[in-house]
Chemist: 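One structure is given below, represented as structure tokens, and several questions about it will come after.
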Amino acid sequence: MSFGKGDVILLGKNRSAVVENVLTDTVKNIYTGSPDLVIKNAAVIDSTGVFMADIAVKNGRISHVGKVPYGDCMSVDANGLILTAGRICFEERFDSCSAASKLFSGVTTVVYHSEYADSMLHDHFSSAMGLPLNFYFTDRYPDSQFHISISESSPNFNILTELSELTLAPACRCGLDDHVGSVSTGRLADLCLFKPEDYPDRPYKIIKSGRVIYDRSVTDRGDIVYTMCCDTSAMPARNCAVFFTRAGSADSTVSKLIMPERMVVALRTGAEF
């Protein structure tokens, strides 16, 4: 099933979304070379609206949002599926079982608050780094008063407001919005695809940093994720998820311990909340 401008998409929980636009212009690639992955014909629900687009991925980040020439790269056919940015959630305590279950509900980044963030990560280092989730351990509380402004005239006002509170708003509150929280160029390709009737609770496919790590068309088994979440093209193999840290902490002992396991991203100065 393909969607066009003005089409109404029936979603789960007796809700619906209206396709506001179809992106047909070829957007300039922000990276050189062919994409590593192209997601074709996706119905994107993002804080900016509901639109049809192809999504290209290069080096783990979104390089195109628009009409993408596919070439010879790997592709995912998203025809009839909903695509969103992975969600962001806040937790007070680290729980590996809880963190693992979040992934299968569409969460790709977890922010943990702790008075002693570094020692907390030391205590749970092994179990945390084995999970295909982005982590940010912090001793600060985010500004819960910040919200994304959605036009009340939008036919998708309720859907977009709800989604923004799970994606872009928490990313902005934590200073992570350059990396996660939206389907836009330069952001990590942490994306969830849903069958419309399963939105927003049960992803059909999960993409982490441009790698398809879960696909219900192949298997419902969640444990298969852990065999697909590592990039084995580099040695040593690294988890495709990210560990976020403050700009001044990139050279900390914890960050140095993590670097062989996954990418460490230092937030720009002034971005960390």
Side-chain angles (χ1 to χ4, degrees), residues 1-24 27 39-55 62 64-67 76-90 101-111 134 142-174 176-177 179-185 187-208 214 216:
M1 178 190 301
S2 60
F3 303 111
K5 185 175 181 179
D7 284 352
V8 176
I9 306 174
L10 300 179
L11 305 173
K13 298 184 178 179
N14 296 315
R15 293 179 296 180
S16 62
V18 179
V19 178
E20 301 171 67
N21 199 7
V22 177
L23 303 188
T24 57
V27 183
I39 305 168
K40 303 183 294 184
N41 306 315
V44 179
I45 300 181
D46 196 45
S47 298
T48 57
V50 179
F51 54 91
M52 299 298 300
D54 300 333
I55 311 295
I62 297 173
H64 279 119
V65 180
K67 189 66 177 175
V76 172
D77 186 1
N79 193 34
L81 298 176
I82 303 296
L83 181 145
T84 73
R87 297 174 200 162
I88 301 164
C89 73
F90 299 96
S101 67
K102 291 182 187 303
L103 180 69
F104 300 106
S105 65
V107 172
T108 56
T109 299
V110 183
V111 178
N134 305 326
D143 178 11
S144 60
Q145 301 302 310
F146 177 85
H147 302 283
I148 302 299
S149 177
I150 306 294
S151 172
E152 293 186 11
S153 64
S154 168
N156 299 301
F157 176 78
N158 290 334
I159 291 291
L160 300 184
T161 299
E162 176 189 73
L163 181 68
S164 71
E165 284 299 313
L166 298 171
T167 54
L168 186 56
C172 292
R173 291 166 189 160
C174 295
L176 301 175
D177 49 303
H179 305 283
V180 295
S182 63
V183 183
S184 52
T185 55
R187 301 327 187 260
L188 289 170
D190 289 356
L191 306 167
C192 293
L193 290 157
F194 299 85
K195 288 186 174 181
E197 62 270 23
D198 291 335
Y199 177 86
D201 299 323
R202 191 182 181 213
Y204 188 62
K205 299 176 189 283
I206 300 172
I207 296 171
K208 281 290 291 132
Y214 179 65
R216 280 202 284 123

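Count residues from 1 along the sequence.
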Chemist: With sequence neighbours left out, what residues match Glu197 under salt bridge (Lys or Arg N to Asp or Glu O under 4.0 Å)?
Modeler: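 Counting only residues at least two positions away or on another chain, Glu197 forms no salt bridge (Lys or Arg N to Asp or Glu O under 4.0 Å).
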Chemist: For Ser184, enumerate each residue passing the side chain to side chain donor-acceptor pair (under 3.5 Å) test, keeping only those at least two apart in sequence or located in another chain.
Modeler: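 Applying side chain to side chain donor-acceptor pair (under 3.5 Å) to Ser184 gives Ser182.
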Chemist: Measuring from atom NZ of Lys205 to atom CG of Leu191, what distance do you get when rounded to the nearest 0.5 angstrom?
Modeler: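 Taking NZ in Lys205 and CG in Leu191, the distance rounds to 13.0 Å.
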Chemist: Which residue in the set Leu81, Ile62, Ile207 passes side chain to side chain contact (heavy atoms under 4.5 Å, CB included) when paired with Ile39?
Modeler: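 In the set Leu81, Ile62, Ile207, the residue that makes a side chain to side chain contact (heavy atoms under 4.5 Å, CB included) with Ile39 is Ile207.
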Chemist: Can you name the closest pair of heavy atoms from Val18 and Val50 and give their distance?
Modeler: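 What the structure gives for the nearest pair is O-CB, 3.4 Å.
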Chemist: With heavy-atom distances below 4.5 Å as the criterion, would you say the side chains of Thr109 and Leu188 are in contact?
Modeler: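 Side-chain contact under 4.5 Å: no.
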Chemist: By side chain to side chain donor-acceptor pair (under 3.5 Å), which residues pair with Thr167, not counting sequence neighbours?
Modeler: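 Expected list: none.
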Chemist: Are Val111 and Pro170 packed together at the side-chain level, in the sense that at least one heavy-atom pair is separated by less than 4.5 angstrom?
Modeler: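 Val111 vs Pro170: side chains apart.
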Chemist: Residues two or more places apart in sequence or in another chain: which of them pass ring pair (Phe, Tyr, Trp, His ring centres under 6.0 Å) with Phe194?
Modeler: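 If we apply the ring pair (Phe, Tyr, Trp, His ring centres under 6.0 Å) test to Phe194, skipping adjacent residues, the hits are Tyr199.
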Chemist: So do Ile45 and Leu160 actually touch side chain to side chain, heavy atoms under 4.5 Å?
Modeler: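 Counting from C-beta outward, Leu160 and Ile45 do come under 4.5 Å.
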Chemist: Quick one: salt bridge (Lys or Arg N to Asp or Glu O under 4.0 Å) partners of Asp7, sequence neighbours excluded?
Modeler: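 Once residues adjacent in sequence are excluded, Asp7 has no partner under the salt bridge (Lys or Arg N to Asp or Glu O under 4.0 Å) criterion.
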Chemist: Strictly distance-based, threshold 3.5 Å: is any side-chain N or O of Asp190 a donor or acceptor partner for the main-chain N or O of Thr108?
Modeler: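 Looks like no, no N/O pair under 3.5 Å.
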Chemist: For Ser151, what residues pass the side chain to side chain donor-acceptor pair (under 3.5 Å) criterion, not counting sequence neighbours?
Modeler: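 Per chain and number, Ser151 pairs via side chain to side chain donor-acceptor pair (under 3.5 Å) with Ser153.
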Chemist: Among residues at least two apart in sequence or on other chains, which ones pass salt bridge (Lys or Arg N to Asp or Glu O under 4.0 Å) with Glu20?
Modeler: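 Counting only residues at least two positions away or on another chain, Glu20 forms no salt bridge (Lys or Arg N to Asp or Glu O under 4.0 Å).
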Chemist: How many angstroms lie between OG1 in Thr24 and NZ in Lys67, if you round to the nearest 0.5 Å?
Modeler: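 Reported value, rounded in 0.5 Å steps: 8.5 Å.
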Chemist: Check whether any side-chain heavy atom of Leu168 lies under 4.5 Å from a side-chain heavy atom of Asp177, and answer yes or no.
Modeler: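 The answer is yes; the side chains approach within 4.5 Å.
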Chemist: Minimum heavy-atom separation for Leu10 to Ser16, with atom names?
Modeler: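 Shortest heavy-atom separation between Leu10 and Ser16 comes out as CD2-CB, 4.3 Å.
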Chemist: When rounded to the nearest 0.5 angstrom, what distance separates CG in Leu103 from CD1 in Ile206?
Modeler: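 Here the rounded value is 4.0 Å.
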Chemist: Side-chain contact, heavy-atom cut-off 4.5 Å: His147 with Arg173?
Modeler: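 Side chain of His147 against side chain of Arg173, heavy atoms only: contact under 4.5 Å found.
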Chemist: Applying side-chain contact (heavy atoms from CB on, under 4.5 Å), name anything that partners Arg216, two or more places apart in sequence or on another chain.
Modeler: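 Arg216: side-chain contact (heavy atoms from CB on, under 4.5 Å) contacts with Asp198, Arg202, Tyr204, Tyr214, Asp220.
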Chemist: Roughly how far, to the nearest 0.5 Å, is the CZ atom of Arg187 from the CD1 atom of Ile55?
Modeler: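 Going from CD1 on Ile55 over to CZ on Arg187, the span is 13.0 Å.
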Chemist: Looking at residues at least two apart in the chain, or sitting in another chain, which of them share a side-chain contact (heavy atoms from CB on, under 4.5 Å) with Leu166?
Modeler: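 If we apply the side-chain contact (heavy atoms from CB on, under 4.5 Å) test to Leu166, skipping adjacent residues, the hits are Arg87.
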Chemist: Provide the closest heavy-atom pair for Ser47 versus Ser164 in the form atom of the first, atom of the second, distance.
Modeler: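 In terms of heavy atoms, the two residues are closest at OG-CB, 3.4 Å.
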Chemist: Are the side chains of Pro200 and Leu163 in contact, using a 4.5 Å heavy-atom criterion?
Modeler: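 They are not in side-chain contact.
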Chemist: Out of curiosity, Phe51 CZ to Asn156 CG, how far, rounded to the nearest 0.5 Å?
Modeler: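 Rounded to the nearest 0.5 Å, the CZ-CG separation comes to 11.5 Å.
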Chemist: Using the test side chain to side chain donor-acceptor pair (under 3.5 Å), find all partners of Asn21 that sit at least two apart in sequence or belong to another chain.
Modeler: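 With sequence neighbours excluded, Asn21 shows a side chain to side chain donor-acceptor pair (under 3.5 Å) to no residue whatsoever.
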Chemist: Looking at every heavy atom in both Phe146 and Ala169, which two are closest together, and how far apart are they?
Modeler: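 Minimum heavy-atom contact is CD2-O, 4.1 Å.
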Chemist: Of all heavy-atom pairs between Gly181 and Ile88, which one has the smallest distance, and what is that distance?
Modeler: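 It is CA-CD1, 4.3 Å.
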Chemist: Asp54 side chain to Asn41 main-chain N or O, any donor-acceptor pair under 3.5 Å?
Modeler: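 At least one qualifying donor-acceptor pair exists.
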Chemist: For Asp77, what residues pass the salt bridge (Lys or Arg N to Asp or Glu O under 4.0 Å) criterion, not counting sequence neighbours?
Modeler: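 Partners of Asp77 by the salt bridge (Lys or Arg N to Asp or Glu O under 4.0 Å) criterion come out as none, since no residue qualifies.
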Chemist: Check whether any side-chain heavy atom of Ser105 lies under 4.5 Å from a side-chain heavy atom of Asp201, and answer yes or no.
Modeler: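 Result no, sub-4.5 Å side-chain heavy-atom pair not found.
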Chemist: Using the salt bridge (charged side-chain N to carboxylate O under 4.0 Å, His left out) rule, collect all pairs that involve residues 154-163, keeping only residues at least two apart or in two chains.
Modeler: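 Those involving residues 154-163 are Arg15-Glu162.
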Chemist: With a 4.5 Å heavy-atom cut-off, do Leu11 and Ile159 have their side chains touching?
Modeler: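 Heavy-atom side-chain distance check passes, below 4.5 Å.
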Chemist: Looking only at heavy atoms, which two atoms of Gly4 and Val19 are closest? And how far apart?
Modeler: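 Closest approach of Gly4 to Val19, heavy atoms only: O-CB, 3.3 Å.
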